[in-house]
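Positions are given from 1, in the same order as the sequence printed here.
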Amino acid sequence: MQARLEQWKQYLLTGVSHVIPFIASGGILIALAISLAPMTGKGPDFSHAPLLKLILDIGGSAFALLLPVLAGYIAYARSGKPALVAGMVGGQIAHTVNAGFLGALIAGLLAGWVVELLKKMPVAKALKPLMPILIIPILSSFAIGTLMFEVLGVPIADLMVTMGAWLKSMGGANAMVLGALLGAMVAFDMGGPVNKVAFFFGASMIAEGQYQVMGAVAAAVSIPPLGLGLATKLRKSLWSEQEREAGSAALGMGMIGITEGAIPFAAADPLRVIPTIVAGSALGGMIAMLGGVGDHAPHGGPIVLPVVDNRLMFALAIACGVLLVAIVINLLKARSGASAPTA
């Protein structure tokens with residue numbers, strides 16, 4: 001059982017190692033564009049900054065490859081090159097149907113499993129050379145594509161609608177619970193459908209003159225990457241060189257409210273990382289809501305500080321959540337005996 005878990009962890013780590021450069025380059029370009037653009041009540045204004053808009057678009061294009069590359073190389077780790085196509089197709093469909101990071105993980109693992117089965121399929125000797133370059137990619141892509149489009153897509157879309165309606169019914173009823181819930185949702189899938197339900201709920205409330213919901217979301221979105229990035233700096237011995245590099249990128253992304261900076265850590269160690277960042281963002285969202293933090297822009301992270309009400313509480317909410325994530329994840333890793341490779 002332990003050996004099997006280690007195998008699965010290795011599949012996830014392979015996907016993470018290949019996706020980190022996309023996250024880092026895309027995130028830094030996006031961070032550069034947003035940090036230099038004028039911030040307005042509607043968010044960063046690129047209307048008079050074509051160069052910054054170009055940088056933003058290039059960064060966004062790099063970021064758009066995140067899910068296909070993650071899923072593709074998870075599948076590759078499990079079943080080799082023939083699984084790359086199905087994994088990447090599954091990852092792209094995860095983006096299309098708003099299945100997000102978790103959908104890409106599932107797609108990659110399923111793609112690897114399907115290709116494993118296809119490799120065992122008896123075929124005529126004349127067809128064997130075509131199996132890895134044509135037959136397996138076609139059949140596995142069809143299988144994963146059908147599963148993602150026909151099985152996962154509609155339930156996820158329905159779930160998003162249901163959650164959005166539920167959040168609206170909660171608004172104002174219990175500020176503490178609502179803030180914690182929004183924060184937890186933001187961190188749960190780091191840019192996926194659950195995250196987007198909370199984010200778009202906060203953004204929609206801005207139009208109605210209610211800025212506190214977006215305030216809680218804005219504080220929560222930066223906590224996972226900032227907390228994990230800080231953790232890699234506080235106790236370097238617990239983290240590999242690659243993880244420390246991802247931590248540096250996560251710190252930059254967290255400053256501009258890009259929760260996806262936490263994805264490499266969550267993909268490599270989901271059972272410890274996801275509950276930790278959910279707790280940290282829930283704490284930050286709760287403090288922001290109780291502190292009357294209001295965000296007038298549909299964006300998050302410290303970068304929106306100029307358009308935030310009750311800035312001190314905003315900073316306090318982020319700081320508390322970040323410290324909780326950094327301290328808890330390091331304690332968990334130390335307790336498990338995790339340490340950076342010596343080689």
Side-chain angles (χ1 to χ4, degrees), residues 23-24 26-46 52 55-56 59-60 63 179-180 182-187 190-191 195 198-199 202-203 206 211-234 246-263 265 277-327 329:
I23 294 176
I28 290 170
L29 288 172
I30 292 171
L32 178 65
I34 292 178
S35 63
L36 296 178
M39 183 64 69
T40 70
K42 296 183 178 179
D45 180 14
F46 296 96
L52 294 180
I55 294 173
L56 180 74
F63 233 62
L182 289 169
M185 291 174 66
V186 160
M190 294 151 286
N195 171 291
F199 187 88
I206 292 176
Y211 304 112
Q212 290 188 12
V213 174
M214 193 64 215
V217 172
V221 296
S222 62
I223 288 171
L226 288 178
L228 292 166
L230 178 62
T232 65
K233 307 306 177 188
L234 291 178
S248 297
L251 286 172
M253 295 166 73
M255 292 300 293
I256 60 165
I258 298 179
T259 319
E260 287 88 340
I263 285 179
F265 300 94
I277 61 176
V278 164
S281 286
L283 176 63
M286 181 178 66
I287 293 173
M289 187 69 81
L290 290 175
V293 173
D295 180 12
H296 294 251
H299 197 68
I303 195 172
V304 300
L305 194 62
V307 293
V308 165
D309 302 325
N310 294 328
R311 296 173 188 173
L312 181 60
M313 291 302 300
F314 180 63
L316 179 63
I318 293 175
C320 289
V322 167
L323 286 173
L324 176 64
V325 170
I327 292 170
I329 195 64

Practice item. Could you walk me through whether V304 and F314 pass side chain to side chain contact (heavy atoms under 4.5 Å, CB included), step by step? Key: CA-CA 10 Å; V304 300; F314 180 63; 4.1 Å; yes
**Study point:** Heavy-atom pair with the smallest gap, counting every atom of A187 and P224
**Key:** CB-CG, 3.8 Å
Practice item. Apply side chain to side chain contact (heavy atoms under 4.5 Å, CB included) to I277 and F265, showing your working. Key: CA-CA 10 Å; I277 61 176; F265 300 94; over 6 Å; no
Exercise for review: Check S281 against I223 and note the closest heavy-atom contact, atom names and distance.
Suggested key: OG-CB, 3.7 Å
Point to revise | Inter-residue atom distance M190.CE - I258.CD1, 0.5 Å rounding | key: 14.5 Å
Review point. How long is the gap from CG on D295 to CD on Q212, to the nearest 0.5 Å?
Key: 11.5 Å
Study note, to complete from the structure: Closest non-hydrogen contact found for G254 with P225 is CA-CG, 3.5 Å
Review point. Between A326 and L234, what is the shortest heavy-atom contact and its length?
Key: CB-CD1, 4.1 Å
**Study point:** Minimum-distance pair of heavy atoms, taken over all atoms of A198 and V217
**Key:** O-CG2, 3.7 Å
Revision key, fill the gap. With sequence neighbours left out, the residues meeting side chain to side chain donor-acceptor pair (under 3.5 Å) with D309 are H296
Review point. Got a sec, which pairs hit side chain to side chain donor-acceptor pair (under 3.5 Å) with one end in residues 224-234, sequence neighbours left out?
Key: K233-S248
Point to revise | For A288 against A216, the heavy-atom pair lying closest together | key: CB-CA, 3.8 Å
Review point. Ignoring hydrogens and geometry, is there a side-chain-to-backbone donor-acceptor pair from D45 to P38 under 3.5 Å?
Key: no
Review point. So, does T259 use its side chain to make a donor-acceptor pair with the main chain of V221 at under 3.5 Å?
Key: yes
**Study point:** Interatomic distance, L230 atom CG to I327 atom CD1 [nearest 0.5 angstrom]
**Key:** 8.5 Å
Point to revise | Straight-line distance of L323 CG to L283 CG, nearest 0.5 Å | key: 10.0 Å
Point to revise | Spatial distance of atom CD1 (I55) from atom CZ (F46) [nearest 0.5 Å] | key: 9.5 Å
Revision key, fill the gap. So OG of S222 and CG of L251: to nearest 0.5 Å the spacing works out to 11.0 Å
**Study point:** Residues L228, I329; criterion side chain to side chain contact (heavy atoms under 4.5 Å, CB included); working and verdict
**Key:** CA-CA 8 Å; L228 292 166; I329 195 64; 4.2 Å; yes
**Study point:** Sub-4.5 Å side-chain heavy-atom contact between I303 and M255
**Key:** no
